[in-house]
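This report concerns only the one structure given below.
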Amino acid sequence: MPKLKIDGVEVEVPEGYSILQACETVGVEIPRFCYHDKLTVPANCRMCLVEQTGAPKPVASCAIKAADNMDIKTRSDMVHKARKGVMEFLLINHPLDCPICDQGGECDLQDQALSYGFDRSRYQENKRAVQDKNLGPLVKTSMNRCIHCTRCIRFGEQIGGVAELGLLGRGEDTEVGTFVEHFVTSELSGNITDICPVGALLSKPYSFKARSWELRKTESIDVMDAVGSHIRVDSRQAAEVLRVLPRLNEEINEDWISDRTRFAYDGLKYQRLDQPYIRKDGKLVPVEWDEALNAAAMQIKNTNCDAMAALVGDLADCESIAALKDLMVMLGAPHMDCRTDGAEYEIVNRGSYIMNSGIAGIDQCDAVLLVGTFPRHEATMVNARIRRAWVDRKIPVGVIGENRDHSYPIQFLGAGPMTVEELAKGGTNFAAILEKAQRPMIIVGAGTLARQDGTAIQALLSEIATRYNVVTPEWNGMNTLQLAASRVGALDLGFLPQNGGLSTKGIFDAAQSGRIKTVFALAADEFDPSDLGDAFVIYQGHHGDRMASRADIILPGSAYTEKNALYVNTEGRVQQARQAVFPPGMAKEDWKILRALSEKIGKVLPYNSHGELRRRMADMNPVFAALDVLSVTPWQPVGKAWPTANTPFVSPVRNYYQTCAISRASITMAKCTEAFLNRQEPVLRAAE
């Protein structure tokens, strides 16, 4: 390990560290614009200059490796003069936009100009003007502010996998843009607004909404998919969510979040259910809470326990799922299910429905097989991790399913179950790769297991895992990629048919035949409401989405930003969403609604506080006793396979931007659907 001196202090750093990283280990701040921890080093802003004893001029600390016997000075007169000179050049063409720039208050250029810059400008010529680019409905541009740090370009090429931005021109005519004018189509495009050190790239939906110092910042998690990305929710006066930003978590989402996670928040204020409703004379009529709860309790009490069912949707939190299960058990109603996609594959143990390796396990694997999943749309941050593994180590990625652009090279093996059967017998080229791999990984999509032959496919994959050592005492690479934020938590709580009860498909059939009279739908919007036939529907949720229009009684709940609640991500990691704003109108926390309803029914749930409910959940499953812990679950092979349907695997996510009640209510996501899916891009630049 190299030993060097930094401002007279001797320090030992790991091999391969740059001078900049070495300085950070001893708490010495080095200004920078182009350097980013997750991107390659271009060394083109020169703001990180330091003095190296013996060198004829200042050196770029981000690009020079730390070596033995170096003597680095970061506070000498040479360094101060160099930094002031660099800052003066950077500000030559920069406009005086600070009073109207949304980056104000969190701008790297603003902060470093104050700390390291010169106190006046000697530039007397006219500033250059650069035409703004229209990059789509998500990213707003103000290219006069661009300092050509190339962070956005490197992000697109290295992380996003979509090399659409580049440098055009030379010298003073240099500008960042697309080579052929079109929108930036990456599902990670919003991250370039975070890494831009100036106000050149900004969030278009957030534009002119607030200043950073006005916002209340709440650390939470995302529920737009099952990844559970760590986010920060910024709100004003606890009344409205104004933006969502990524929160660093190296094991899940690193520094990034997907565009749906970042921009769908405006759906939280549209089509909201803010008071209870009862259907009277064919129309939903607003009522008070007491009347709605009494009507729901009366309907439940008047329904035979064998004629009542409960379904849990994709956005339900674990507290409300646990409360609903307890209520159904107390009522003696066995018909309940959380798998509203119709999945009925074998749940041998917890390892059969989670990502056993964890998302960070992708960094350790040496071969990946994707079966019936398109992670670029189903779990964008998982796909970004696979891409990084390919960029860093060129791991082979085999695909059985749709032959689409995954943002990294793939080996397309086939479209359906026949290829899985062939691979189980060792009959494809990818079989040799799996045999040689030390840590092979299989990722199967939840949509594939939801097919009618899902159990047979699961058994085939079990044979593959056994044959190619996908699961060993030291490594478990057998992974299920869930789609819904509520699914793993609901399975952990056992929200499944009880004592011979009906599954989702059985509930649909029984409701249409008239056997099921009453259905309690908890945030269940991901299926056709007509599947419930003429059954009486009590809907508890936060948006006037598909099921609300069908419901006979509506109990308004709260969204994930409006409550302290637990969710379990696709890895099986228990995570907590924190309340950032208050629910609108008369809406309440979901578990409290169920607790109040239980009193009206006369079957009182045995907990009066959130803490008591959490303890009850820990009794139901010990995984809920600890937060943010990746527990190890032994994987067990599934029974013998049988013939499968020879139909191709298709990802259930057909519209990436509208997958849940919140994103379907989002105006921004509707604009993305129009711009990116329908490909109706404007010929001329849109005026901002």
Side-chain angles (χ1 to χ4, degrees), residues 102 131-143 152 156 160-165 177-194 201-209 222-225 240-244 256-272 314-315 374-380 383 402 404-407 483 525-526 528 543-546 548-549 559 650-688:
D102 277 327
Q131 192 168 18
D132 293 342
K133 313 296 188 298
N134 184 12
L135 301 183
L138 302 178
V139 180
K140 176 184 177 182
T141 61
S142 183
M143 302 312 295
C152 57
V162 181
E164 294 175 324
L165 291 174
T178 54
F179 297 103
V180 177
E181 187 167 342
H182 60 86
F183 295 158
V184 175
T185 58
S186 170
E187 296 80 14
L188 295 165
S189 65
N191 292 288
I192 63 177
T193 65
D194 288 337
L201 301 173
L202 297 166
S203 168
K204 191 173 284 188
Y206 175 71
S207 181
F208 303 121
K209 293 290 179 63
D222 170 55
V223 300
M224 295 294 112
D225 54 29
E240 180 184 356
V241 174
L242 292 180
R243 68 177 177 180
V244 171
W256 324 115
I257 53 175
S258 68
D259 286 348
R260 188 174 61 222
T261 297
R262 182 186 298 271
F263 294 110
Y265 64 85
D266 65 320
L268 292 167
K269 63 181 180 180
Y270 298 118
Q271 299 182 22
R272 288 303 302 271
D314 290 357
L315 298 181
F374 184 54
R376 183 170 174 179
H377 285 176
E378 296 177 18
T380 305
N383 196 68
E402 297 178 276
R404 303 170 67 178
D405 180 9
H406 287 69
S407 78
L483 298 173
D525 291 293
E526 309 312 319
D528 189 346
H543 273 75
D545 202 53
R546 296 168 180 168
S549 62
V650 178
S651 172
V653 179
R654 307 317 298 172
N655 180 354
Y656 166 77
Y657 297 99
Q658 295 179 320
T659 57
C660 63
I662 297 173
S663 56
R664 283 192 290 270
S666 166
I667 292 177
T668 303
M669 294 295 97
K671 290 179 179 177
C672 289
T673 300
E674 180 69 19
F676 298 132
L677 298 188
N678 299 334
R679 299 295 184 188
Q680 296 180 357
E681 298 184 12
V683 177
L684 301 176
R685 295 183 177 91
E688 292 295 326

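As the structure is a computational prediction, the values presented were derived from the model and not from experiment. Computation of the quantities below employed the complete heavy-atom set of this structure, encompassing side-chain atoms and omitting hydrogens, waters and symmetry-equivalent molecules.
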Would a distance-only check, ignoring hydrogens and angles, find a side-chain to backbone donor-acceptor pair under 3.5 Å from [X] to [Y]?
| X | Y | value |
| --- | --- | --- |
| Lys671 | Gly136 | no |
| His406 | Arg404 | yes |
| Arg546 | Asp525 | yes |
| Asn191 | Ile257 | yes |

- Item | Partner set under side chain to side chain contact (heavy atoms under 4.5 Å, CB included) for Ser207, not counting sequence neighbours | Asp102, Lys140

- Message: I'd like to check the side chain to side chain contact (heavy atoms under 4.5 Å, CB included) partners of Pro652; sequence neighbours left out, ordered by chain and number.
- Response: Glu378, Leu483

Set of salt bridge (Lys or Arg N to Asp or Glu O under 4.0 Å) partners for [X], sequence neighbours left out:
| X | answer |
| --- | --- |
| Asp314 | Arg487 |
| Glu240 | Lys269 |
| Asp194 | Arg262 |
| Arg664 | Glu526, Asp545 |

- Message: Show the nearest heavy-atom pair for residues Cys660 and Met224, with the distance to one decimal.
- Response: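 Scanning both residues completely, I find the closest heavy atoms to be SG-SD, 3.9 Å.
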
With sequence neighbours left out, what residues match [X] under side-chain hydrogen bond (donor to acceptor under 3.5 Å, both in side chains)?
| X | value |
| --- | --- |
| Asn655 | Gln658, Thr673 |
| Thr380 | Tyr656 |
| Ser189 | Asp259 |
| Thr261 | Asp222, Ser258 |

- Can you tell me if Ser651 and Glu402 form a side-chain donor-acceptor pair at under 3.5 Å?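 Judged by distance alone, the side chains do not pair up.
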
- Message: Under the rule for ring-ring contact (aromatic ring centres under 6.0 Å, His included), what residues qualify as partners of Tyr265, not counting sequence neighbours?
- Response: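 Expected list: none.
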
